[in-house]
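Right, one structure below, let's go through it.
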Amino acid sequence: MQSLSLSMRSLAGLRLPNPEARVMRKRSEIVACASEGDSGSSSSSSSFISRTQTYALLKQQMEVAAKSEDYKEAARIRDSIKLFEDEEPVLRLRRLLKEAIAEERFQDAASYRDELKKIAPHSLLKCSSDATTLGIRVQVRSVYIEGRSQPSKGLYFFAYRIRITNTSDHPVQLLRRHWIITDANGRTENVWGIGVVGEQPVIHPGTSFEYSSACPLSTPNGRMEGDFEMIHIESVGSRSFNVAIAPFSLSLLGDDDSLTI
């Protein structure tokens, strides 16, 4: 995947989504996210959410202590974070999985992966995705923005950058967007809107369009996926078509590019 990064420059001026914008939202519940027989899995997922919230709070407290020049307290919290990272099951399993893959211990890698699926299925979805539909390639990369998040208030802020590349022989125009946003509790929200970041860009063959946006969640991890409605502008009366945005993770813990799914 061609490098798609979220630099501070690319995020400059990024604002929270405006609820007054021309967007239609619909909330629903994913009732099938855990069956009655999956109570253990549901409990593990809840435990993971709680631990991740604790991790976010510790990092925020360390930042506050450092800004107030209470370096002794900042060092104490830093050590607590290091201990947390060493003992946190998801981070530990991801580290073991990475080592097993590097050492070609694939049976062990499969075991670590299965354990991760049980306790934190979100952790196996990468914070990036790449999909091509009818010659239109959509690449996405997400990142947790600690400075705009407020874990104590249940607000976790994620930014994402999208590159849309036209690899076909025909110019296209992006008309509308549709997002499916799911938090760690299985609550899902559908968002529809005109264009992206106030534009309905025309993308010519061999060119790309990039933009950054953001998504606040009430949980420290979740996922997004969706589609763009586009049209071939050279053909009069041509029908619009949908271009897939493959699922990607919104994760406070980030991901590891070596953990291919």
So [Y] and [X], do their side chains get closer than 4.5 Å, heavy atoms only?
| X | Y | result |
| --- | --- | --- |
| Arg95 | Arg92 | yes |
| Val191 | Glu189 | yes |
| Ser218 | Asp183 | yes |
| Val138 | Thr133 | no |
| Ile245 | Trp179 | yes |
| Ile164 | Ile136 | yes |
| Lys126 | Phe248 | no |
| Gln61 | Val64 | no |

Could I get the full list of side-chain contact (heavy atoms from CB on, under 4.5 Å) partners for Gln107, not counting sequence neighbours? none
With sequence neighbours excluded, residues passing side-chain contact (heavy atoms from CB on, under 4.5 Å) with Ala246: Ser129, Ala131
Members sharing Val236's hydrophobic cluster, built from side-chain contacts under 4.5 Å between Ile, Leu, Val, Met, Phe, Trp and Tyr, are none
Nonpolar side-chain network containing Val202, other nodes, edges under 4.5 Å: Leu175, Ile231, Ile233
For the [atom1] atom of [X] and the [atom2] atom of [Y], what is their distance to the nearest 0.5 Å?
| X | Y | atom1 | atom2 | value |
| --- | --- | --- | --- | --- |
| Leu58 | Arg78 | CG | CZ | 13.5 Å |
| Phe84 | Asp79 | CZ | CG | 15.0 Å |
| Ser251 | Leu125 | OG | CG | 9.5 Å |

Run the side-chain hydrogen bond (donor to acceptor under 3.5 Å, both in side chains) test against Glu146 and tell me which residues pass, sequence neighbours left out. none
Kindly give the heavy-atom pair with the smallest separation between [X] and [Y], and that separation in Å.
| X | Y | answer |
| --- | --- | --- |
| Ala109 | Leu97 | O-CD1, 3.3 Å |
| Leu155 | Arg148 | CD2-O, 4.1 Å |
| Cys215 | Ile181 | SG-CG2, 3.8 Å |
| Ile101 | Phe106 | O-CE2, 4.1 Å |
| Phe158 | Thr219 | CE1-O, 4.2 Å |
| Pro171 | Asn166 | CA-ND2, 3.8 Å |

Is the backbone of [Y] close enough, under 3.5 Å, to the side chain of [X] for a donor and an acceptor to pair up by distance?
| X | Y | value |
| --- | --- | --- |
| Ser142 | Ser249 | yes |
| Ser149 | Phe157 | yes |
| Thr207 | Ile203 | no |
| Glu88 | Leu91 | yes |
| Arg177 | Gly195 | yes |
| Asn185 | Arg187 | no |
| Thr167 | Gly135 | yes |
| Gln173 | Gln200 | yes |

Enumerate the side-chain hydrogen bond (donor to acceptor under 3.5 Å, both in side chains) contacts for residues 236-247, please, sequence neighbours excluded, ordered by first and then second residue. Glu229-Ser240
Given Leu252 and Asn221, is the side chain to side chain contact (heavy atoms under 4.5 Å, CB included) satisfied, shown in steps? CA-CA 6 Å; Leu252 182 151; Asn221 56 279; 6.0 Å; no
Relative to the ring of Tyr156, is the ring of Tyr144 parallel (under 30°), tilted (30 to 60°) or perpendicular (over 60°)? tilted
With under 30° as parallel and over 60° as perpendicular, where do the rings of His170 and His232 fit, or are they tilted in between? perpendicular
Hey, quick one: are Leu96 and Leu83 part of the same hydrophobic cluster, counting side-chain heavy atoms closer than 4.5 Å, chains of contacts allowed? no
Membership question, hydrophobic clusters at under 4.5 Å side-chain separation (ILVMFWY): are Ile180 and Val140 in the same one? no
Test side chain to side chain contact (heavy atoms under 4.5 Å, CB included) on Glu99 and Arg105 and set out the steps. CA-CA 8 Å; Glu99 291 171 356; Arg105 293 184 288 108; 4.3 Å; yes
Yes or no on side chain to side chain donor-acceptor pair (under 3.5 Å) for Asn190 and His178, after CA distance, side-chain angles and deciding distance? CA-CA 7 Å; Asn190 283 270; His178 170 220; 2.8 Å; yes
Determine, stepwise, if the pair Phe209 / Glu199 fulfils side chain to side chain contact (heavy atoms under 4.5 Å, CB included). CA-CA 11 Å; Phe209 177 82; Glu199 299 184 49; 3.7 Å; yes
